[in-house]
Amino acid sequence: MELSYGAEHEAFRREVVEFLQTHRDQAPGSGRGASALAWQKLLIAHGYAGRTIPKEYGGYGAAPDILKSRIIAEEFAKAQVSPGLGGQGISMLIPTLLEVGSEEQKRDIIGPTLRGERIWCQGYSEPGAGSDLANLRTKADLDGDEWVINGQKIWTSTAHLADWIFCLVRTEPDAPKHQGISFLLFSMKSPGIEIRPLIDMTNGHSFNEVFFTDVRVPAGQIVGKRGEGWKVANAILKHERGSLADPNVMLSRLNGIKELMRSETIDGRRLIYSPVFRDRLMRVEGEVMAMRCNDLRLLSGAVNNADVGIAGMIVKLQTTELRHELERLAIDVMGEMGVLYGEGAPHLRGNGSWQWNYMFFLGLIIGGGTSQIQKNIIAERGLGMPREPKLAIG
Amino acid sequence: MELSYGAEHEAFRREVVEFLQTHRDQAPGSGRGASALAWQKLLIAHGYAGRTIPKEYGGYGAAPDILKSRIIAEEFAKAQVSPGLGGQGISMLIPTLLEVGSEEQKRDIIGPTLRGERIWCQGYSEPGAGSDLANLRTKADLDGDEWVINGQKIWTSTAHLADWIFCLVRTEPDAPKHQGISFLLFSMKSPGIEIRPLIDMTNGHSFNEVFFTDVRVPAGQIVGKRGEGWKVANAILKHERGSLADPNVMLSRLNGIKELMRSETIDGRRLIYSPVFRDRLMRVEGEVMAMRCNDLRLLSGAVNNADVGIAGMIVKLQTTELRHELERLAIDVMGEMGVLYGEGAPHLRGNGSWQWNYMFFLGLIIGGGTSQIQKNIIAERGLGMPREPKLAIG
Amino acid sequence: MEFGLSQEQTMLQDSLTRFLGDSGSLARARVFNANNEGRAPDVLAGLAELGVTGLIIPEEHGGVGLGLLDAALVSEVLGRHVTPAPFIGSSVLAPLALMRAGSAGQQAVWLPKLASGAAVAGVALSEATGARENAGVTASGGRLSGRALFVIDFEADVYVVADKAGGLHLVAADAKGLTRTRLPTIDTTRPVGELNFDNVEAEPLAAAADSAAVVRFLIDTGRVMYAADTLGAASAMIDQAVAYAKERKQFERAIATFQAVKHMCAEMAAALEPCRSLVWYAGHALESLPAEASVTACHAKAHTSEVGTRVAKTATEVHGGMGFTDLVGLHYWFKRIGLNRQMLGGPEAVREDAARLQALAA
Amino acid sequence: MEFGLSQEQTMLQDSLTRFLGDSGSLARARVFNANNEGRAPDVLAGLAELGVTGLIIPEEHGGVGLGLLDAALVSEVLGRHVTPAPFIGSSVLAPLALMRAGSAGQQAVWLPKLASGAAVAGVALSEATGARENAGVTASGGRLSGRALFVIDFEADVYVVADKAGGLHLVAADAKGLTRTRLPTIDTTRPVGELNFDNVEAEPLAAAADSAAVVRFLIDTGRVMYAADTLGAASAMIDQAVAYAKERKQFERAIATFQAVKHMCAEMAAALEPCRSLVWYAGHALESLPAEASVTACHAKAHTSEVGTRVAKTATEVHGGMGFTDLVGLHYWFKRIGLNRQMLGGPEAVREDAARLQALAA
């Protein structure tokens, strides 16, 4: 058990801290304006963004080092400075292309995407293909040297901001359902694309529905071969280590509740003196602490290439439920104050973030594999329990 | 909404109270001694036992009146006087015979059973037939005019005290599984019966395993026809209204916790002043109250022949879980004191009943249809959700 | 012995259900939300026609003269339909305050207006159940100062206001020195708000021998009404979840055939069904079993809130991603349950009250 | 950076597992229970041979000189095998008390005996975490009076006793005026008991500058050890439930194919797995992260107890009726978890302690 990062990495941490002190004035706020793009370039140049992406594709070209990545994330978070651009192009398409893209795709696409010059959205989910993603129906027919795409996608975050989409479509309607899918890339400016905002229960617009009507895409804009789209989409899954929720965020939310309990009163009495809420707080703190330790174990397992059993498999299930529970506690602590919501609402605490997260994390419990799917996975892959038997009728 | 029982029934209640005042000195303690049998006779004569069983079969012969039955139960409980003999002969076999027994069976069996002269045990469950009871394997082959029984039963309560058994056996091995079963009656003194105590987690001996080796039973000792045993065993199910747990018992246990919290101390401070335990107590009280109201609704529905939706279907699931939870609260309130167990243990509270019930109600969560089976029933029969599709392989 | 609804009570729920169903409950709530309406005159008119606004008001004042159990049954139906209309404040608590503590003259002025829906009354009671931000109203010489938060049925013509000393007052919405601020909440179907009193003229409701007891009764009654609203909203969510599960296919089968989904639905139904009996009992107890009324009201509110919160989450999960969107609008029910949970005291506060009432707390 | 077990630590767990597996852990516990043995000399001898009794005792006193994380790992394995042997008291807390507060002479007398298993030490610490029945021990002029409840590893030759003032004492089991009473509990694998002191001669453990701090450290350490025991017992229950579900058939299929059963198992595993990391961290913190040690120990104890209790119930349910019987003996684990939950403070008490340590409580 050795929880320090060691001398080399502590030296690296000092470098990062120094960089942040020197350059933090240049850091942008939110959004993707010119300053954000400039900041991204600076980060790439220093290896704080695109760190392990080869130089020839526009990255920094460092060898993978999980601890250094973690240090970068920690220090940027601590300094409350933008860690550079995110989004599904950077987090999902680039790793996919690195894994299975053609040399030309890597050269043409990774650089602009990494620098934020091309914004992507992801076209996977469909109304009829949620937990059962392979059931997707959006189809692409080859007409000469063009695909003609018809169908609908949903949960397309940033579709309204994106330049391009990476999209799963059914190209071989007669093949078994996992084998008839292809992975296409095309411009969101293509004629025949309609984007409708998908308002969610937070009143927010984080997602969209996207409709395709005879959208024409050059035949070459495919990653992998025809019918290999399922494999392509899953190519990067093996790199995931279940670290959906940063436990440090959870910790800072927890501290937020402590603050609330110190300031919030009922009949003039501060809520920190309510033993019942304090007990709930400590319960949540214990769970947060356990998930932090679990995360340390995962990090260490990744660094040392050690087996961590089911510790990774459970993260999504446990953290989304825990966050939802944590935010709910804050609402209960506030009582009637806790139901206030909406920009500029009088007396609003934390800018409405408690209710927002309470609802958003219910969305995350569902999204990206519902809790039911997660439990199936844990039971089957983690505990070696049998899959459900096949049905008599299909 | 009219919660009084009305004039006629209140008059009946006064009769019961008066009976209890007059005769309570004759009431026996526990066990089945001579005084218990005499008491049972007295109760039958007054219509407080065997109330609706026809006179010709040894009962009192009154018309069914749910409220009167409830009043009898309430007043005997309140007076803490034995309500007469119970057991599976009286609670299950007699109603079954009344429903589907032959005239001869009714005349021969009901009277002695009701009077406590013949004690019965029930042979339904088997090691391989729990939730899936129809899967039972104990077989009876007809050899001349005798059945020859081989196999094993489990969960046979009172087998060690019983004179006779009513037993489900497979008589038609080639029939579909629900149609190959017969319902036999035979003496527990028959050669070839071995009884092994089945010790449970409470350390108690409430159940047994019973082994049959070439047990010979006259062919006529069958209820219903050959192969109709499943129907016979289920004949009385339609009378059940899900009132497994008397909510008044739950209430008295709840009051027991309040007493505990008033007397139990930690660092000299009475636990009634612990807001955290008090909150748990009030939570449980709210649930107990809800189940009491649900029971009132069931009672009223039975009296007035009114539809009560799923209110009956949920009783087993909710009350067993709630009782387990309630007993657990008491243990937590006592802290280290709560783990004491065993006859004569120093400092033992409530004669060990808290731990005993905590464990026993876990048994009841499982027994008589696990919580999983209960949920299936609620979903399918209560909410109209489809049954699980058939499997491809059987 | 009859623990259940009378034929009249069932008919009351049915006719209200028909009206709200006909007017498209979710659609109406959406419009109410989108337009940020303070009142929905069409809904209010319909409720008045059905006698809902005058439900508990005596016939001589133009009402129907029914009881508080009936009011709870109406509250349930309104919750079930996420109805954007005043009720708990304007049609239950305010009339009750007038009937129990108002003079004959005050009753004669206000009860007919409330019964007909010509006026809406807000109720400022939150501070009597636990004041946030040290809010509270003080009465002095017939005038009120201070502030009241989380006023029920806020878009009103007149307010019933509880002061810190247990007194009750009537204040006109346009009274001089009164500042009104809407407080936007998650639940967009029922406006709540804040009243600031700067030496505002008020009319005391002073006919009761024990005004504090009337306030207590208003709190008990309000808690039962919120419990009933949650009961209705939660049972609507279960119905929607079951229907969706039967419809929605994944992996080539209706998700209702998955044991996990079935059990989620069964657990919701099993937990909620006893709440129905508890709410009935609590509604009945308010007028018929005074010794039990307060404790029962606490438990109805707390327990139904806890179950409702669980149902709201689980029913959303059964809907998968759709439950999270505005497309099916399930969140209207989710949020209604969320508001009900906190109004007149969250579960922890209400349970502590139940303990105090039984002399279990210090 | 390495958050995980070293090769030596894994080997320690493996060799102990082999020994306990070989000696048939459940069978041994059954015999211990049936015979109402106070000690199981064969088990104790085996543990001594493996170095478990002297695990944390310095090599110069005949021990192995390992740390408290190692002790937690051993505790986990003992819980996993419901081992009927002293450990938390005799091999962890008592040596720790001697090492931190004993004189060189006291250490020289007792540590070798404890290390070799020649002596067993009980520990009376319960009153320092919350006294039941106003129990407690007072020291005066080198003599003890009063009583101590829930003494850990009760069947002992010598006792480490904490008095009300934060002092620690050594008392011989056969000291004059000492009355010992076994307290039968649900868990028949580890005897606890009561000590009554009538002016009993005692030897102070007085070498520490701050004896109360040592007592605090003993409590923290004990809590982590009980958490680890629960972790082991609960993970054994999950393994048994999964194995049983794969084996047991109902409705012509293994019950492991039912989604409800799979999800019960998945929920248990998902809840318990983070406890493993938490227990490791808490074990590590005891000696390496003093600023965090106490709070982490509280959370490890409370959270693991809560999860353990849920696992104990669910794993029993997965076993159906069998889980309730003595036939599979699953209840040995159930009860071990039940005892661990309450020792040195139940979850509520321990969480309140965690709040106080962070200055969150009054």
Side-chain angles (χ1 to χ4, degrees), chain A residues 1-6 9 66-67 70 258 261-262 272-273 275 278-283 285-301 303-304 306-311 313-315 317-318 321 371-372 374-380 382-389, chain D residues 1-6 9 67 69 238-239 241-242 245-246 253-254 256-259 261-284 288-289 295-296 298-304 306-307 347-348 350-355 358 360-362:
Chain A
M1 196 63 82
E2 171 53 63
L3 301 187
S4 91
Y5 284 9
H9 288 95
I66 293 158
L67 281 187
R70 170 66 70 115
K258 291 181 183 172
M261 287 179 65
R262 285 199 191 90
I272 202 73
Y273 297 123
R278 208 163 55 209
D279 187 65
R280 274 181 67 183
L281 176 72
M282 286 300 102
R283 257 183 121 109
E285 182 168 276
E287 294 187 52
V288 168
M289 210 172 254
M291 288 312 295
R292 279 185 74 210
C293 294
N294 191 69
D295 183 74
L296 276 179
R297 184 169 165 212
L298 292 176
L299 178 65
S300 166
V303 169
N304 305 308
D307 178 28
V308 293
I310 66 166
M313 235 172 258
I314 60 144
V315 170
L317 177 66
Q318 296 299 99
E321 295 280 356
S371 287
Q372 283 61 55
Q374 298 299 323
K375 289 176 196 171
N376 284 347
I377 293 173
I378 295 166
E380 289 165 17
L383 304 175
M385 297 178 85
R387 298 182 57 107
E388 251 196 306
Chain D
M1 163 73 195
E2 178 157 358
F3 183 87
L5 306 187
S6 67
Q9 287 168 330
L69 172 57
I238 296 175
D239 290 352
V242 169
K246 288 179 185 169
R253 52 197 270 204
T257 63
F258 285 103
Q259 208 182 19
V261 173
K262 285 164 75 171
H263 284 195
M264 287 165 87
C265 292
E267 283 162 14
M268 288 193 279
L272 189 66
E273 198 57 33
C275 293
R276 185 176 310 280
S277 305
L278 179 58
V279 166
W280 289 354
Y281 190 87
H284 176 70
S288 305
L289 305 165
V295 170
T296 315
C298 288
H299 283 311
K301 175 72 162 64
H303 181 55
T304 307
E306 300 285 21
V307 172
E348 283 83 0
V350 173
R351 284 194 293 263
E352 184 68 1
D353 198 7
Q358 298 178 71
L360 291 170

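Chain identifiers are assigned alphabetically (A, B, ...) following the order of the sequence lines, protein sequences preceding nucleic acid strands; residue numbering begins at 1 within each chain. The analysis underlying the following values was restricted to heavy atoms, covering all of them including side chains, and did not include hydrogens, waters or symmetry mates.
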Between A:L383 and chain D, which part of the residue has a heavy atom less than 4.5 Å away: side chain, backbone, both or neither? both
Evaluate A:K375 against D:Q259 for side-chain hydrogen bond (donor to acceptor under 3.5 Å, both in side chains), listing each step before the verdict. CA-CA 9 Å; A:K375 289 176 196 171; D:Q259 208 182 19; over 6 Å; no
Distance, nearest 0.5 Å, that separates OG of A:S371 from CD of D:E267: 9.0 Å
Search all heavy atoms of A:I310 against all heavy atoms of D:A269 and return the closest pair with its distance. CD1-CB, 3.6 Å
For chain D, which of A:L3, A:I378, A:N304 has the most heavy-atom pairs under 4.5 Å? A:L3
If you take all heavy atoms of D:T257 and A:R387, which pair is closest and at what distance? CG2-O, 4.2 Å
Trace of the salt bridge (Lys or Arg N to Asp or Glu O under 4.0 Å) decision for D:E273 with A:R297: CA-CA 11 Å; D:E273 198 57 33; A:R297 184 169 165 212; 2.7 Å; yes
Could you have a look at A:Q374, A:H9, A:E380 and say which one has the most heavy-atom pairs with chain D under 4.5 angstrom? A:E380
Show the nearest heavy-atom pair for residues D:L278 and A:G286, with the distance to one decimal. CD2-O, 4.1 Å
Rounding to 0.5 Å, atoms CG (A:N294) and OH (D:Y281) come to a distance of 14.0 Å
Name the option with the most non-hydrogen atom pairs under 4.5 Å to chain A; the candidates are D:Q358, D:H284, D:R351. D:R351
Kindly compute the distance separating CG (A:D295) from OG (D:S277), expressed to the nearest 0.5 Å. 9.5 Å
Can you tell me which portion of A:A306 sits under 4.5 Å from chain D's heavy atoms? Options are side chain, backbone, both or neither. neither
Atom group of D:A302 that falls short of 4.5 Å from chain A, counting heavy atoms: neither
Straight-line distance of A:M1 CE to D:L69 CG, nearest 0.5 Å: 5.0 Å
At a heavy-atom separation under 4.5 Å, does A:E321 approach chain D through its side chain, its backbone, both, or neither? neither
Would you say A:R280 has more than 12 foreign heavy atoms packed within less than 6.0 Å of its CZ? yes
State whether the side chain of D:K262 and the backbone N or O of A:I377 hold a donor-acceptor pair below 3.5 Å, judged by distance alone. no
Can you confirm whether D:V295 sits close enough to A:E285 that some side-chain heavy atom of one is under 4.5 Å from a side-chain heavy atom of the other? yes
Contact origin within D:A282 toward chain A - heavy atom pairs under 4.5 Å: neither
Do you know which of D:E352, D:E306, D:E348 makes salt bridge (charged side-chain N to carboxylate O under 4.0 Å, His left out) with A:R283? D:E306
At their closest point, which heavy atom of D:M1 faces which heavy atom of A:L296, and how far apart are they? CE-O, 3.7 Å
Counting distance only, does the side-chain N/O of A:S300 pair as donor-acceptor with the main-chain N or O of D:F3 below 3.5 Å? yes
On a heavy-atom basis, which atom in D:V242 and which in A:M385 lie closest, and how many Å separate them? CG1-CG, 4.0 Å
Options A:S4, A:P275, A:A290, A:A379, ranked by heavy-atom pairs under 4.5 Å with chain D, top entry: A:A290
Report the residue from A:M291, A:M289, A:E287 that forms a side chain to side chain contact (heavy atoms under 4.5 Å, CB included) with D:P274. A:M291
Of the backbone (N, CA, C, O) and the side chain (C-beta and beyond), which part of D:K246 lies under 4.5 Å from a heavy atom of chain A, both, or neither? side chain
Considering only heavy atoms and a distance below 4.5 Å, find which of D:G283, D:A271, D:S288, D:C298 pairs most often with chain A. D:A271
